[in-house]
Amino acid sequence: MCGIVGHLGPQNSVDVVIEGLKRLEYRGYDSAGVSFISSDNELVVYKKKGEIVNLITELEGKDVKARSSIGHTRWATHGGVNDENAHPHAEPERGISMVHNGIIENAGEIREDLTSRGHKFKSETDSECFLRLVIFHLDEGLHIKDAIIASFKRIQGHSAFVILYKETDEIYAIKNGAPLVCGINEINSEVFVSSDPYALAGMANKIYFPENQVLCHLSPSNQHLLNFYELDGEKSTRYMSKKQNLDHDPASKGDYDHYMLKEIFEQPELIRSLTQFYFSGEGRASLEAALDLPRANIHITACGTAFYAGIVIKDFIEKENRISCKLEVASEFRYRNPVLSKDELALFISQSGETADTLAAQQLCKDYGVKTLSIVNTEGSTLYRDCDANLLIRAGVEIGVASTKAFTQQALTGYLFSQVIKEGGFTDSVKNALSAKLALLAERIDNLLAREEEIREIAKSIYQYNGFFFTGRGAYFPIALEGALKLKEIAYVHAEGYAAGELKHGPIALIDDQKVNVALVGTELFEKTVSNIQEIKARDGVIVSIGPRDNKELKEISDYYFGVELEGLGDLAPLCLNVVNQLLSYHIAKLLGTDIDKPRNLAKSVTVE
Ligand code: M6R
């Protein structure tokens with residue numbers, strides 16, 4: 001989805017903005033642009049369809065030294081993918097340019113109104129309406145700050161805007177329901193704004209998360225680099241701030257070919273640190289706050305991979321605590337007039353904390369007076385700020401569009417929550433038992449990762465088949481769904497996740513010698529799952545089984561068998577098989593030559609409906 005970066009400070013602002021935009025590439029985009037005030041005091045704009053490299057080529061040989069600039073990566077919603085519709089939108093003669101994330105819902109009406117008053121639009125976007133509105137108010141004699149506020153009050157929908165104004169060499173930013181962060185580097189007297197704190201990592205040592213309808217003012221004054229205002233012009237304190245380590249460099253892939261692979265390999269370490277965070281570290285207070293919320297029933301809502309983690313968590317909570325959990329994808333839940341009651345809990349799972357449908361579902365529950373809890377990766381995200389309590393998954397920045405480590409950490413955070421409900425608190429014995437359990441899982445995943453080459457060999461044998469069915473029963477069913485999602489999103493091949501016993505109710509008609517069944521087999525319901533494999537084998541399907549190690553029966557019925565040490569893992573065993581799926585999908589995609597970290601048509605953070 002769209003990305004915003006703005007910077008004001010002594011070092012070359014254009015370089016800073018381009019670096020920030022490159023970091024946001026992972027979110028998905030189709031054009032990029034930058035606007036700045038040149039050394040001869042002209043407001044200039046360069047924007048190009050396609051990748052950031054096109055923009056960089058366009059800038060070559062130009063005077064691109066500036067103290068202030070704003071940039072944008074666009075993921076088209078209104079208007080085609082072309083240079084004109086790319087951001088920033090600008091009126092250089094008036095010394096103003098702007099970038100926008102989100103959707104202006106009343107853009108049609110505003111465009112008609114302003115056009116009838118003689119304003120000329122240069123693009124087909126809804127975004128440009130905001131620029132034209134600001135110019136309209138400047139023409140009326142309003143100060144730039146008031147012109148922005150008046151324009152903001154007129155628009156409807158969820159948006160974030162960043163405006164560069166030449167006359168005062170200032171940047172303004174404001175949002176409603178869309179992500180926006182500001183940052184300061186106190187040592188270098190620099191100030192930043194972005195749609196994603198990741199763009200500012202290592203650059204800003206203090207990060208600010210403004211609330212909705214707070215005007216952020218970035219100014220070149222050394223004393224007041226950043227100010228916040230309410231819409232009535234008064235100073236605002238409605239923001240959250242946190243210190244950030246300047247040494248932190250999440251942008252590096254290290255020795256890995258892809259971020260996805262790096263993130264798969266990070267899992268054991270992240271798992272090990274989770275119990276420490278929740279039992280001995282900062283996380284404990286948040287877990288206690290979560291335990292205080294009512295939970296007669298739990299409504300779990302999320303999208304994509306986070307939704308599949310929700311199925312895993314539902315199983316944990318229902319099995320251990322007999323608390324009924326209802327699960328629904330956020331895009332359906334938000335429009336379904338769900339039955340909710342105030343003694344229930346609404347749980348939202350999200351890596352980004354900015355997924356539009358998940359946020360809308362959370363808002364709906366809040367409006368009903370139902371307490372809301374998040375299991376979320378991004379501290380300070382909209383979901384994090386809006387929920388009554390939050391359980392951080394501590395996965396670190398996830399760059400690969402295909403979610404891997406976030407899924408594991410989401411499931412495990414839900415597991416800890418469920419276990420603490422069951423045990424009724426944080427005794428040493430609970431802490432030790434859970435730490436040992438997660439440490440064992442981490443060790444088993446380490447062992448699997450060391451066998452990457454074996455998984456690559458299986459991938460080599462099957463990558464040219466044209467259809468994949470991931471199957472599993474019980475706790476392995478959500479792993480099948482997640483496995484199929486991973487494969488289709490990064491390898492662009494058709495894959496479906498099915499409950500193993502359900503295949504014969506229809507999809508088995510598709511099975512022939514060109515279809516692969518990736519069978520996820522646990523020790524529970526083992527014989528029944530094997531029977532389901534036999535049904536596919538009898539119809540010439542190619543069998544890849546991932547299941548208990550040294551299992552003769554499974555090995556014999558499979559074309560390819562990958563044995564995993566599952567003993568002692570109990571309910572966490574399916575998470576081990578999920579890592580095998582992650583590596584299998586990764587290697588199939590690599591053999592097929594797809595863009596693994598930034599698959600076509602996808603965005604990391606889906607901030608529009
Ligand atoms: O940021 P979120 O966890 O809310 O994102 C939800 C989905 O968009 C996300 O999990 C998506 O399905 C991933 N691309 C899956 O790998």
Side-chain angles (χ1 to χ4, degrees), residues 1 3 24 26-28 75 178-179 195-198 258-261 263-264 267 300-313 327-334 347-363 372-384 386-387 390-411 413-414 470 478-479 481-492 495 497 578-579 581-586 589 594-609:
M1 298 274 129
L24 299 188
Y26 79 99
R27 297 170 65 99
W75 191 84
S195 50
D196 186 336
Y198 172 60
H258 296 93
Y259 282 105
M260 182 182 176
L261 192 62
E263 288 159 5
I264 292 172
Q267 292 175 105
I300 304 178
T301 309
C303 302
T305 286
F307 175 74
Y308 298 148
I311 308 179
V312 177
I313 294 171
L327 184 84
E328 198 161 2
V329 285
S331 54
E332 290 298 316
F333 180 89
R334 61 182 291 190
L347 170 62
F348 301 90
I349 306 167
S350 176
Q351 188 285 125
S352 60
E354 301 293 353
T355 302
D357 285 322
T358 308
L359 293 179
Q362 190 268 346
Q363 188 59 49
T372 58
L373 170 69
S374 80
I375 289 186
V376 67
N377 195 28
T378 313
E379 191 175 359
S381 58
T382 308
L383 185 66
Y384 178 91
D386 285 355
C387 281
N390 299 285
L391 298 175
L392 288 170
I393 65 166
R394 307 276 292 172
V397 178
E398 192 179 63
I399 306 277
V401 164
S403 190
T404 52
K405 59 179 180 171
F407 175 85
T408 304
Q409 294 296 100
Q410 284 161 350
T413 305
F470 286 73
I479 303 303
L481 293 170
E482 170 60 8
L485 176 63
K486 244 16 12 131
L487 185 62
K488 66 187 130 192
E489 70 180 329
I490 62 165
Y492 316 153
N578 187 54
V579 176
N581 280 346
Q582 292 171 349
L583 283 174
L584 191 64
S585 297
Y586 172 81
T594 58
D595 189 352
I596 293 179
D597 283 332
K598 288 178 274 157
R600 68 183 181 201
N601 307 337
L602 295 181
K604 180 67 183 163
S605 176
V606 185
T607 51
V608 295
E609 241 191 283

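Scope of the values below: all heavy atoms of this structure, side chains included, with no hydrogens, waters or symmetry mates. Indexing begins at 1, ligand by ligand and atom by atom, following the structure's order.
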K.L.:
Please say which of Glu489, Gln351, Gln410, Lys486 ends up in a side chain to side chain donor-acceptor pair (under 3.5 Å) with Thr305.
P.N.:
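In the set Glu489, Gln351, Gln410, Lys486, the residue that makes a side chain to side chain donor-acceptor pair (under 3.5 Å) with Thr305 is Lys486.
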K.L.:
Do the side chain of Asn377 and the main chain of Gly396 share a donor and acceptor less than 3.5 angstrom apart?
P.N.:
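At least one qualifying donor-acceptor pair exists.
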K.L.:
Scan side-chain atoms only and decide if Thr378 and Glu354 contain a donor-acceptor pair under the 3.5 Å cut-off.
P.N.:
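Looking only at side-chain atoms, Glu354 and Thr378 do not form any donor-acceptor pair under 3.5 Å.
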K.L.:
I would like to know whether Arg600 and Asp595 meet salt bridge (charged side-chain N to carboxylate O under 4.0 Å, His left out); could you show each step before the answer?
P.N.:
CA-CA 7 Å; Arg600 68 183 181 201; Asp595 189 352; over 6 Å; no
K.L.:
Give me the nearest non-hydrogen protein atom to atom 8 (O) of ligand 1 as residue plus atom name, then the distance to 0.1 Å.
P.N.:
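I find the closest protein heavy atom is Val606 CG2, 4.0 Å.
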K.L.:
Report, in ascending order of atom number, the atoms of ligand 1 lying under 4.0 Å from any heavy atom of Ala402.
P.N.:
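Close to Ala402: 16 (O).
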K.L.:
Give the atoms of ligand 1, by number and element, whose distance to some non-hydrogen atom of Ala306 is under 4.0 Å.
P.N.:
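Taking each heavy atom of Ala306 in turn, ligand 1 has 3 (O), 10 (O) under 4.0 Å.
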K.L.:
Any atoms of ligand 1 less than 4.0 Å from a non-hydrogen atom of Val401? List them with their elements.
P.N.:
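This gives 13 (C), 14 (N), 16 (O) as the contact atoms.
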K.L.:
What residue and atom, counting heavy atoms only, is the protein's closest point to atom 5 (O) of ligand 1, and at what distance?
P.N.:
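Of the protein heavy atoms, Thr355 OG1, 3.4 Å lies nearest.
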K.L.:
Closest non-hydrogen protein atom to atom 3 (O) of ligand 1, residue and atom name please, with distance?
P.N.:
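That would be Gln351 N, 2.6 Å.
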K.L.:
I want to know if ligand 1 touches Lys486 in the polar sense, i.e. an N/O pair below 3.5 angstrom.
P.N.:
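Yes, there is a polar N/O contact under 3.5 Å.
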K.L.:
Tell me whether Leu485 has any N or O atom under 3.5 angstrom from an N or O of ligand 1.
P.N.:
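The answer is no, given that Leu485 and ligand 1 share no N or O pair closer than 3.5 Å.
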K.L.:
Heavy-atom contacts with Glu489 under 4.0 Å: which atoms of ligand 1 show up? List them by number with element.
P.N.:
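Going through ligand 1 atom by atom, the ones under 4.0 Å from Glu489 are 13 (C), 14 (N), 15 (C), 16 (O).
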K.L.:
Do the non-hydrogen side-chain atoms of Thr372 and Asp386 ever get within less than 4.5 Å of each other?
P.N.:
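Not in contact.
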K.L.:
To which protein heavy atom is atom 7 (C) of ligand 1 closest, and what is the distance rounded to 0.1 Å?
P.N.:
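The closest one turns out to be Cys303 O, 3.6 Å.
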K.L.:
Can you tell if the side chain of Asn581 reaches within under 4.5 Å of the side chain of Phe470, non-hydrogen atoms only?
P.N.:
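A side-chain contact exists here, since the closest heavy-atom pair is under 4.5 Å.
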K.L.:
Could you say whether the N/O atoms of Ser352 and ligand 1 ever approach to under 3.5 Å?
P.N.:
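Checking ligand 1 against Ser352, an N or O pair does fall under 3.5 Å apart.
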K.L.:
Just wondering, do Gln362 and Thr301 contact through their side chains at under 4.5 Å, heavy atoms?
P.N.:
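No, too far: nothing below the 4.5 Å cut-off.
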K.L.:
When Lys604 is tested against each of Ile399, Asp196, Val401, Asp597 for side-chain contact (heavy atoms from CB on, under 4.5 Å), which residue passes?
P.N.:
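Exactly one pass, corresponding to Val401.
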K.L.:
For ligand 1, which is the ligand I care about here, please tell me if Thr305 has any N or O atom under 3.5 Å from one of the ligand's N or O atoms.
P.N.:
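There is such a contact, yes.
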